[in-house]
Structure formats: structure tokens, C-alpha cells
Q: 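Provided herewith is a single structure, encoded as C-alpha cells, for subsequent inquiry.
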Amino acid sequence: MSRAYTRFLLGKALPHFWCPGCGNGIVLAAIARALAAAGLSPTEVVVVTGIGCWGKADDYLNVNAFHGTHGRALPIATGIKVNRPELTVLALMGDGDCATIGGNHLLHAARRNVGVKAIVVNNFNYGMTGGQYSSTTPGGKATSTSPFGNPEEGLDIARVAEAAGANYVARSTVYHAAQVEAYIREAISAPGFGLVEVASTCPTYFGRLNGMRTATDMMKWLRDVAASLNAARDLSEEERRRRIVIGKFCDRRAPDFNQRYEAIRRVARESGFNPGVVNIGR
Amino acid sequence: MARKRVSVTIDPRLCKKCGICVEFCPKDVLGPGRDGVPAVLSPESCTACRLCELRCPDFAILVEEAEDGERT
Amino acid sequence: MAREPDVRYLQGNEAIAEGAFAAGARFFAGYPITPSSEIAEIASRRLLELGGVYLQMEDELASMAAVIGASFAGVKSFTATSGPGFSLMQENLGLAVMTETPCVVVNIQRSGPSTGLATKPAQADVMQARWGTHGDHAAIALCPCSVQECYDLTVMAFNYAERFRTPVVLLADEIVGHMREKVVLGGPRGVEVVDRRRYSGEPEGYMPYLAGEDGVPAFAAPGGPSLGRANSSMHDETGFANNTPENATAVIRRLHDKVYNARSEICHVKEYMTGDCDIVLISYGATSRAARAAAMRAREKGLRAGCLTLTTIWPFPDEAVARVCRRAERVIVPEMNTGQLIGEVRRAACRPDVVGLNKFNGLGIDPGEILRKIEEVRT
């Protein structure tokens with residue numbers, strides 16, 4: 001392990017605690033490479049993690065780190081970013097953190113367009129607690145709490161983030177590791193809220209219970225189930241729902257929360273901080 | 001044009017033997033080795049695409065290339 | 001240099017907001033809830049003026065999380081809420097305890113459980129302020145009984161939060177929050193403001209949870225030369241996870257000791273006519289105003305009553321309560337709940353005969369009711 005990006009890694013902490021074939025390490029490496037490519041130094045970066053397997057990622061990163069509570073990585077990161085806009089703030093969340101217990105925070109971080117970058121590892125189940133279904137487990141799939149199949153449908157994180165107003169949204173899989181890094185790099189350099197969702201492997205639980213006993217089985221599944229945005233356009237709605245659509249969903253340049261807040265501060269200052277004299281069309 | 005020489009190093013202390021690198025190497029450079037740790041079977045076939053390194057979940061693989069004759 | 005006193009006529013909630021800004025708060029995250037919303041409204045305006053940031057979050061879980069994030073980033077931060085919101089904040093109040101992130105949570109108490117008698121006054125979150133978040137932890141909670149104290153105790157709350165790197169609860173009630181009184185801002189020598197101790201050593205040598213002699217670690221904000229690290233999981237001085245029994249014992253012990261060893265510094269009470277009293281009224285918040293009026297009326301009737309007003313309720317001021325109760329024949333604890341702090345009084349005084357005056361119908365306790373109780377318990 002000798003690359004420029006290793007300055008973002010805590011080499012002494014390796015090997016990490018994730019299971020053999022877990023995709024978390026692939027995303028971790030992609031993050032370190034993207035940070036190095038962005039020319040950042042570790043002191044300029046803050047990672048905020050939640051709880052779950054991916055929530056342990058900060059243990060291996062040589063940057064400022066806040067290991068928080070389950071589902072709350074985004075509001076913690078928001079509190080950091082709005083006060084210190086010069087820092088690169090990444091919220092590392094699993095599908096439980098981001099889309100399930102913290103789903104409401106996802107909507108509002110995207111709507112607020114706060115300059116936090118969410119790197120979401122979606123392994124379609126709760127790995128840390130033994131493979132129960134999460135809000136992204138596809139309908140019908142087996143988990144330890146849906147042994148006969150999941151009665152609920154999975155949430156499309158990327159499309160939700162796009163609809164809620166995020167500036168940058170992309171999705172890939174750990175099979176497409178180079179693309180993951182490229183998307184993270186773009187998200188870091190884009191203004192406003194960015195989200196990169198990475199569909200990942202969990203051979204220990206999700207794979208084992210759904211006919212994919214090995215890491216390579218899961219990787220093959222990701223390879224085959226993935227459909228590019230272009231290819232997905234020609235699929236029926238039903239077929240599209242069975243696939244993982246990968247690609248860049250949006251790349252907007254709308255002003256982020258801090259820019260808008262400072263614009264309002266200027267208006268307020270000009271009014272002498274007297275809301276009564278500001279004409280905002282009321 | 002000088003031909004690149006590629007070296008693929010696998011760190012057995014970090015490898016968890018998941019098999020991803022062996023399965024998806026486009027040139028079958030890697031194969032099963034002793035104790036499940038992958039072995040570099042045909043380094044001359046390696047095109048330095050780095051897919052094994054990028055897809056290794058455990059930071060166990062390093063792909064380096066050098067001009068022919070240089071030590072890597 | 002002595003300044004002209006800045007005398008205002010303010011509402012309790014307004015005084016709390018001004019106290020926060022005087023203490024250096026530059027970030028507020030919250031979710032509006034009666035009877036605390038004025039604090040958010042004032043913060044939304046004043047923080048623009050002061051160069052800070054106001055954020056209206058999607059709920060109180062997020063509000064508390066954002067406050068902690070902001071403080072981790074080096075900015076003094078607070079939120080304001082009432083019972084239902086305070087319940088949601090409990091999760092991340094524990095996060096602030098464990099990560100040793102200074103912040104102030106204002107709870108303008110209203111009646112419950114749940115939506116309850118929205119939004120009538122109560123003092124029923126006393127135990128929630130102590131034990132609301134899960135796990136063993138110390139707690140600091142201050143109870144203002146006047147608009148002046150709304151201002152002064154908010155400054156004090158920030159100072160304790162910074163000094164001990166822990167969340168501090170300003171536990172006010174609807175009566176005090178919505179009351180209007182004269183208040184002197186700033187004081188003649190300005191407000192005494194405490195800031196968290198900053199790390200000044202070699203960047204590589206920084207350990208985010210290496211405590212000083214007072215049990216409080218030094219702070220380094222991200223973006224500086226050292227890497228900051230906060231961890232909700234059990235950790236050692238490095239900030240990285242360490243689940244050994246020895247480490248867990250040391251961390252939990254230190255988190256307690258850094259607060260409880262400073263009890264004499266943190267615990268404030270006020271005494272009125274306790275020198276010779278036979279009957280002592282122990283109260284806090286708005287109720288202590290009625291208690292004082294009742295004690296005065298009792299004196300007019302020849303009954304020697306006195307008052308002990310608890311400014312700090314957590315840590316509980318054991319010594320002052322024990323001392324005052326030792327001298328008194330009867331002890332009455334009036335509170336707007338079915339009896340919460342009375343248990344602490346009984347424990348600290350070692351007196352099971354302490355009598356409660358409890359009201360939980362959405363109305364404040366008035367002096368006449370306390371006077372009747374005084375007359376009832378005199379033997």
C-alpha cells in the first residue's frame with residue numbers, strides 16, 4: 001500500500017474489521033483516492049459517520065472525524081458545514097443511516113442544498129445487527145426479519161435525493177470502482193449538496209440469504225443488475241425497478257445554503273436589520 | 001516505445017481471500033494461490049488496468065508499472 | 001471600564017436569547033415549539049446581525065445534532081424547545097455528553113405527557129433533564145425564576161458548557177419564559193465569558209480526549225493544525241474505540257467526576273429568611289416567586305417561614321438543602337408536577353417527612369395555596 005492517497009488512511013488500523021468481500025473497503029479506498037485527487041490535506045476534511053458497518057469508516061481515515069448517532073450524520077455534518085464552509089465535509093452513511101432512520105434528514109439536507117457530500121454505501125440490509133431488512137431492501141428479498149420475502153418495496157435513494165433538490169447525485173456499484181471514485185471526486189468539487197450512492201456487497205447476510213453465497217457471486221450480481229441511465233431509458237418501468245440504474249442523475253450549479261444565507265445577510269444589513277423595511281413581495 | 005513492466009504485489013497480511021481479484025481479472029493474471037491468498041500467475045499478461053487494486057476491499061493489492069529495465 | 005447599564009424591559013425568552021449572544025453563541029438550530037418559539041425568532045434575526053448562522057431544522061433530533069456539529073466545528077451553539085421537542089433531543093444530548101461537546105439546550109417547560117395541556121406551564125421535565133438520555137451520565141441544569149435570571153443563567157449555562165465540555169440544560173418554564181420584567185444586560189463590567197480550553201501543543205501530539213487535571217480535555221477545531229475527533233462510541237484518549245472494561249470504567253468515571261468534583265462551583269441557591277425559619281419552602285423556577293410571596297405573608301401572620309430557591313437543580317445542591325432542612329421543623333416542596341424534585345430533597349435532607357405541594361392542571365402555583373399549605377403543616 002503505497003500511493004499518494006494513503007495519507008488519508010490510517011494504515012496502522014488495517015486490516016479493517018469488515019467481512020471478507022464486503023464492499024466497504026472498496027468505497028473507502030475510492031474516497032481516499034478522490035480526496036487526494038482533489039488536492040486536499042487531511043486537516044481540511046471532516047468525515048461524519050453514523051452507526052452500522054459503514055459507520056466504522058472513520059476508524060480508518062486520517063482526517064477530522066465525528067462518529068455520531070444512528071441516522072444523524074447529515075444534521076451533524078450540516079452543523080459543521082454551515083459554520084465552516086471552507087472545510088470539505090463528508091457524511092458517510094449506510095442505507096440504514098441515510099435512507100431509513102435518517103431518511104427525513106436526507107430530504108432536508110438535499111432541499112437545503114447544504115454543501116455536505118453524502119457517500120452512501122447501500123448493501124440493502126442492516127449488516128451490523130445481523131442482516132435485517134432496511135428501507136432499500138428490494139421487495140421479495142430474504143433477510144433475517146423477512147425470511148419469506150420482504151413485503152415492502154425498496155427506496156431509490158439517488159432519485160429521492162435528486163427530487164429533493166440536491167445539486168449533485170450519482171449512483172454506481174462497488175463492481176464499478178473507478179466510476180465510484182470519479183463520482184466522489186465530482187461531488188467534492190461541485191457546490192451544494194452532493195450524494196454518491198454505491199450499491200455494495202454483503203455476502204455475509206444479504207448475499208447468503210438470497211442465493212449469492214460468495215463475494216464474487218454478489219459482484220457478478222451487481223455487474224449484471226446494473227443498467228446505465230441511457231440503457232434504463234429503453235426498459236419498461238417494471239424491468240427498471242428490478243435493475244440498479246447507475247450514472248449521474250443531476251449536476252446542477254444552484255447556490256448552496258451558505259451562499260443563499262449570505263445573500264440574505266446582505267439584504268438584512270442594508271435594511272439596518274429591520275425586517276419591516278425589506279421588500280420581499282409581501 | 002518502451003514497453004511497461006508491471007508488478008502486482010499482494011499483501012498476505014491484509015488479504016481476506018474474498019476472491020474478487022482472481023474472479024474479475026480480465027487477463028487471468030491472478031489465480032488461486034496457497035492458503036487462498038491469490039497468486040500472480042502470469043505477470044507478463046498484466047495490462048496494469050488496476051481493476052484488481054480498485055476492487056480489492058482490503059488494500060491488499062498494489063499494481064505498479066515501470067519502464068522496462070527499471071526496478072519496480 | 002464601567003459602562004452605562006443597559007436596562008431593558010424584556011420577556012424571559014428574549015432575555016435568554018440575549019444571554020446566549022452575550023455568552024458568545026453564534027449558532028442556533030431548532031424547531032419551533034410553543035412556548036419557546038420567540039427564542040428561535042429572535043435568533044433568526046440577531047444571528048444575521050452578529051455574523052452567526054440560524055438554521056431551522058426538520059425536527060429536534062436534527063436540531064440537537066446540528067448544534068453538536070457546530071460546536072465540534074468550534075462555534076458556541078444552542079437550541080430552544082419545550083417538552084415534546086426535549087424528548088426528541090434526548091438522543092443527541094447523550095451524544096454531546098459522550099463526545100464532550102459543549103452546548104446549551106433551553107427547555108421552556110410545558111405540560112405533558114405527550115402534547116398534554118398545550119401549552120400550559122409545568123415543571124414536569126425535572127427528571128427528564130437529569131435522566132432523559134440513556135446511559136450513566138452527569139447532568140447540569142439551571143432554573144431561572146426571573147427575566148434577569150433568564151439572561152444571567154443563560155450566560156452561566158454557556159460558561160459551564162464550555163468549562164466542563166458538556167451539554168447544559170436551561171430548564172425554564174412557560175411562566176418565566178413569557179413573563180416581562182426589567183432586566184439589566186451586560187452588567188457594569190460586562191459579561192464574564194468562559195471559553196473552552198484550546199489545545200496549543202504539537203499538532204501530531206493532540207489527543208482529543210486526553211483530560212487535564214480537572215478531567216476536561218483540551219479542544220482543537222477542525223481546519224486547524226491538529227485533527228479533531230469526536231466519538232459517540234466508548235473511546236480512549238485518542239478518540240478511537242476502546243471497549244476494554246478498564247477504559248470504560250475510567251471514561252464513565254471521568255465524565256461524572258469532571259462535573260461532580262466541581263459541585264461547589266456549579267450549585268447555586270438563594271436563601272430568603274432561612275436564618276430563623278421553622279418552615280422552609282424549597283422551590284425552583286416560577287414557583288419560587290410564589291414561595292417567596294407566601295413566606296412573606298406567613299411572616300405577617302407570625303409564622304416563621306423561609307425560602308430556599310434552587311438555581312441549580314442538577315447536580316442537586318445536597319449540602320445547602322441538608323443545611324437548611326436541619327434547622328427547619330417542616331419542609332415544603334411546591335412544584336408544578338406530581339412530585340419530582342421532592343424525592344431529591346428527602347434524600348439530601350434524610351427526611352421522609354418533607355411535604356409536597358403539587359399542581360399539574362396547567363396553572364401556576366399561587367402564594368395563597370402555599371400559605372394554606374404552611375398553615376396546614378404547622379403543628
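Proteins get letters first, then strands, A, B, ... in listed order; numbering begins at 1 in each. Given the structure is predicted, the values throughout are model-derived calculations rather than measurements.
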Q: Can you label the angle between the A/Tyr5 ring and the B/Phe59 ring as parallel, tilted or perpendicular, going by 30° and 60°?
A: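 Because their plane-to-plane angle lies in the 30° to 60° range, the rings of A/Tyr5 and B/Phe59 count as tilted.
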Q: Is there side-chain contact between B/Asp58 and A/Trp18, with heavy atoms separated by less than 4.5 Å?
A: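 No; the side chains remain at least 4.5 Å from each other.
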Q: If we ignore hydrogens and angles and just use 3.5 Å, is the side chain of B/Arg55 paired with the main-chain N or O of A/Ile26 as donor and acceptor?
A: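 Not a single qualifying donor-acceptor pair exists.
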Q: Does B/Lys16 reach the main-chain N or O of A/His16 with its side chain, forming a donor-acceptor pair under 3.5 Å?
A: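 Yes, because the side chain of B/Lys16 sits within donor-acceptor range (under 3.5 Å) of the backbone of A/His16.
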Q: Let's test your reading of the structure: which of A/Thr201, A/Leu28, A/Thr214 forms the most heavy-atom pairs below 4.5 Å with chain B?
A: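 Heavy-atom pair counts peak at A/Leu28.
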Q: Could you tell me which portion of B/Arg50 (side chain, backbone, both or neither) has an atom closer than 4.5 angstrom to a non-hydrogen atom of chain A?
A: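 Looking at B/Arg50, just its side chain touches chain A.
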Q: Any chance you could measure A/Gln179, atom CD, to B/Leu54, atom CG, to the nearest 0.5 Å?
A: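 If I round to the nearest 0.5 Å, the distance is 12.0 Å.
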Q: Please report the closest heavy-atom contact between A/Cys22 and B/Pro57, naming both atoms and the distance.
A: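 Taking A/Cys22 first and B/Pro57 second, the nearest heavy atoms are O-CB, 3.1 Å.
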Q: Got A/Leu14 and B/Arg13 here, is their nearest side-chain heavy-atom distance under 4.5 Å?
A: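 No, their side chains stay 4.5 Å or more apart.
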Q: Are more than 12 heavy atoms from other residues, nucleotides or ligands located less than 6.0 Å from atom CZ of A/Arg223?
A: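 Counting neighbours around CZ of A/Arg223, more than 12 heavy atoms of other residues, nucleotides or ligands fall under 6.0 Å, so yes.
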Q: Taking all atoms of both residues into account, what is the closest heavy-atom pair of A/Pro20 and B/Cys18, and its distance?
A: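 That closest heavy-atom pairing would be C-CB, 4.0 Å.
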